[in-house]
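Accompanying notes for the structure given below.
Start at 1 and go down the list; that is how both ligands and their atoms are numbered. A quick note: this is a predicted structure, and the numbers were derived from the prediction, not measured. Residue numbers count from 1 along this sequence.
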Amino acid sequence: MTTRIHILPENLTNKIAAGEVVERPCSVVKELVENSVDAGCTDIVVEVEGGGKRLIQVTDDGCGMSREDALLALERHATSKISDECDLFGISTLGFRGEALPAIASVSRFTLATRERGRVEGTEIYAEGGRIKEVKACGMAEGTAIAVRNLFFNTPARLKFMRSGETEAGHVGEFLTRLAVSRPDIRFTYINDGRTVFRVLQGGLRDRIAALFGGALVDTLFPVESDSDGVRVSGLIASPDCSRSAASHLYTFINGRFIRDRVVQHAVLGAYRNFLERGRYPVVVIFIEVPSAEVDVNVHPTKHEVRFRDQGRVHDAIQGALAGVLASTPWLRASQGKPAPFVPSPASATETRVAEVREALARYRPEPERQQRFSLPPSGASPAVSSAEARMLNVESGARRDERFMPRSEFRTSHAESSGYFSALTVIGQFNAAYILCQDGSDLVIVDQHAAHERVAFEQLKGQHGQGGIESQGLLFPETVELSFREATTLHENLAGIAGLGYEIEAFGGNAWLLKGVPRLLAERNYLRILLDILEELQSLGKSRTFAEALEEILVRIACHSVVRGAHPLTPPEISALFMQMDATDFSSNCPHGRPVYRKITLGEIERMFKRQ
Ligand code: ADP
Ligand code: MG
């Protein structure tokens with residue numbers, strides 16, 4: 001009699017397990033490389049072709065396996081890392097399920113070559129779709145080399161879910177970066193389609209961070225070292241000046257394992273709260289050690305989440321450790337003794353003033369416009385003052401009507417030209433160095449100067465970009481910039497787009513790039529940080545969206561950074577310049593951040609406020 005229920009053949013159960021363990025090429029790399037780390041190696045070479053779809057090869061100099069062990073390793077639930085239930089609560093290796101090798105072998109053409117330390121020869125096993133086809137002796141260096149070819153060749157449904165080779169190779173790079181950060185004692189080499197993406201030598205954590213994220217960070221990293229309540233925290237954290245626009249440089253490890261955990265992230269950001277603007281993230285590499293029994297890493301096979309027995313205690317210990325370092329603001333000392341930044345020799349006071357006004361005007365006005373509207377009045381003609389300026393100067397008390405605030409003739413425009421809405425307003429003054437108060441007939445108009453500047457800058461950038469590219473300003477001294485391999489890859493892929501933003505940048509060998517020009521609007525700002533933010537933004541898009549789709553967001557970013565933050569007292573000519581710009585800009589929408597640019601309060605509303613109506 002036949003039964004309805006039967007045990008599935010092992011080949012099929014392995015494939016089912018593969019569905020969970022092996023999601024994409026990166027998960028294969030993860031399993032193989034973690035095995036190499038567990039095998040006590042000091043050198044790992046990872047090579048992928050076609051984003052890992054054609055080939056993934058991981059070679060290590062670890063302990064290797066005997067022929068018997070190598071064959072056993074391909075059996076499901078075969079592991080050397082745990083043997084009874086008690087071990088589950090004290091896992092110190094990266095792997096422990098004994099599932100990876102059989103799962104990977106079941107969905108690929110799989111070659112395992114391994115030579116145990118001290119043995120004279122190695123073993124090579126070849127399997128196809130999980131079936132062992134050949135076992136033979138081989139000559140090789142001590143260690144293990146595993147080659148996975150044609151991943152998912154026998155599961156076409158899976159294959160369809162693979163992204164482009166570049167995207168998959170990018171995931172592999174990110175994973176290897178994380179592991180390389182956690183193990184500076186191991187040499188890592190990553191080769192993608194024959195190109196060495198990175199090769200990091202053995203050294204300390206600081207060297208490792210410099211090699212992976214760029215040497216510029218080195219001087220801004222400060223050590224964390226604390227042990228409280230059974231929670232040990234160590235590592236390096238960067239000064240808040242090196243912040244990023246995404247949490248991409250938050251590297252947190254629990255007992256050596258990379259994690260992306262809500263509780264831990266909250267603790268880290270909490271420590272930086274008073275030092276970072278909203279939406280900025282620090283560069284942090286910390287290793288948290290808690291007794292194995294206090295943490296459960298077995299929550300999910302991809303193992304990025306953990307569960308703490310006492311999460312409040314872990315949270316407070318992490319936050320306390322970081323806050324302790326940050327409270328002493330070590331970066332302020334770090335910058336002492338360094339040469340002061342280059343400052344141009346001061347011109348005479350008036351000239352500086354004029355230069356400032358000219359700059360203020362230039363900043364808010366596209367080139368052709370400027371020529372047209374700021375042309376010098378014909379000689380002999382009495383220069384007219386813009387209506388806004390004139391009224392503003394009248395409103396100002398006599399004492400303030402001194403020479404310094406009188407507009408120079410070249411900045412004056414004729415009445416007819418400045419008859420736009422904003423130029424025609426009577427300026428009452430500035431409130432809190434952030435709002436311009438104006439009178440429009442019997443109404444009160446309040447302009448948010450930051451929002452206005454941002455909107456004007458945004459339109460200007462959009463205009464310039466549409467006409468062939470954003471205006472660039474050459475740097476007097478080109479700057480060498482060290483990028484992380486991820487940033488460099490993104491820059492490579494988007495070089496033309498970045499050039500169109502006004503960044504003139506060339507490869508300079510290795511991780512180094514030469515920055516020769518920057519968007520003119522950013523010449524006085526932190527243009528480098530903005531470039532890194534742009535790269536971050538492009539990375540987060542992935543390959544599915546193009547540069548053009550990200551453009552608007554990027555222009556918003558540049559516009560927003562081109563504007564001085566915080567309180568910014570404006571001189572009357574600067575207010576006029578801004579208003580003329582606003583008149584030339586379509587103000588039907590809000591500032592790029594979605595905030596309103598100006599608000600009007602009618603006399604009626606004010607009278608109601610004072611119960612006069
Ligand atoms: P797990 O890592 O969970 O134990 P795997 O299927 O990944 O399970 O590996 C099975 C076993 O094969 C490991 O426990 C280990 O003993 C052995 N092994 C795998 N990769 C290597 C390697 N690179 N070097 C030495 N031994 C290895
Ligand atoms: Mg493993």
Side-chain angles (χ1 to χ4, degrees), residues 10-11 13-23 25-47 56-85 87-108 110-119 121-127 130 132 135 138 140-148 151 175-176 179 183 186-189 255-258 292 297-304:
E10 189 175 317
N11 216 16
T13 55
N14 280 340
K15 265 196 190 176
I16 293 170
E20 214 182 290
V21 181
V22 190
E23 203 190 334
C26 184
S27 21
V28 173
V29 173
K30 176 180 188 301
E31 294 297 336
L32 298 183
V33 171
E34 288 188 349
N35 280 345
S36 299
V37 172
D38 285 343
C41 71
T42 59
D43 187 8
I44 301 179
V45 180
V46 177
E47 194 167 353
I56 296 166
Q57 180 152 328
V58 175
T59 310
D60 68 54
D61 63 348
C63 64
M65 284 174 269
S66 65
R67 175 181 285 237
E68 299 70 34
D69 276 345
L71 285 164
L72 263 180
L74 293 179
E75 301 281 332
R76 187 122 187 256
H77 303 306
T79 179
S80 57
K81 299 170 192 174
I82 56 174
S83 48
D84 60 27
E85 200 185 319
D87 291 348
L88 254 191
F89 298 96
I91 291 160
S92 60
T93 50
L94 294 170
F96 57 85
R97 292 162 176 260
E99 282 181 335
L101 292 190
I104 295 166
S106 73
V107 289
S108 67
F110 184 92
T111 312
L112 162 68
T114 184
R115 179 177 151 201
E116 200 173 14
R117 265 182 213 150
R119 298 273 178 117
E121 62 171 25
T123 309
E124 190 178 304
I125 302 172
Y126 175 69
I132 295 179
V135 181
C138 71
M140 63 179 291
E142 288 177 349
T144 303
I146 293 179
V148 175
L151 184 63
F175 162 73
L176 287 175
L179 191 66
R183 295 300 300 263
I186 298 176
R187 186 163 56 192
F188 285 89
T189 308
N255 295 349
R257 190 188 297 278
F258 175 82
S292 305
V297 293
N298 200 7
V299 178
H300 191 266
T302 60
K303 298 174 215 146
H304 279 170

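Comparing Asp69, Asp38, Leu101, Val37 against atom 6 (O) of ligand 1, the shortest heavy-atom distance belongs to Leu101.
No side-chain heavy atom of Lys30 sits under 4.5 Å from any side-chain heavy atom of Phe258. A heavy-atom distance below 4.5 Å is found between the side chains of Ser66 and Arg119. Contact of the Phe110 side chain with the Ile125 side chain is not registered, since no non-hydrogen atoms from C-beta on lie closer than 4.5 Å.
Between Asp60 and ligand 1, at least one N/O pair is under 3.5 Å apart. At least one N or O atom of Asn35, backbone or side chain, sits closer than 3.5 Å to an N or O atom of ligand 1.
Only side-chain heavy atoms of Thr144 come within less than 4.0 Å of ligand 1; its backbone N, CA, C and O stay farther off.
Proximity to Ala73 (heavy-atom distance under 4.0 Å) selects the following atoms of ligand 1: 12 (O). Every atom of ligand 1 with a heavy atom of Ala100 under 4.0 Å away is listed here by number and element: 6 (O), 7 (O).
For the pair Ala70 and Met65, the tightest heavy-atom approach, listed with the atom from each and the gap, is CA-SD, 3.9 Å.
Between Arg187 and the options Thr42, Asp61, Asp43, a side-chain hydrogen bond (donor to acceptor under 3.5 Å, both in side chains) holds for only Asp43.
Within the model, atoms OG1 of Thr123 and CG of Leu112 stand 8.0 Å from one another, a figure rounded to the nearest 0.5 Å.
Put simply, part of Met65 is less than 4.0 Å from ligand 1, judged by heavy atoms.
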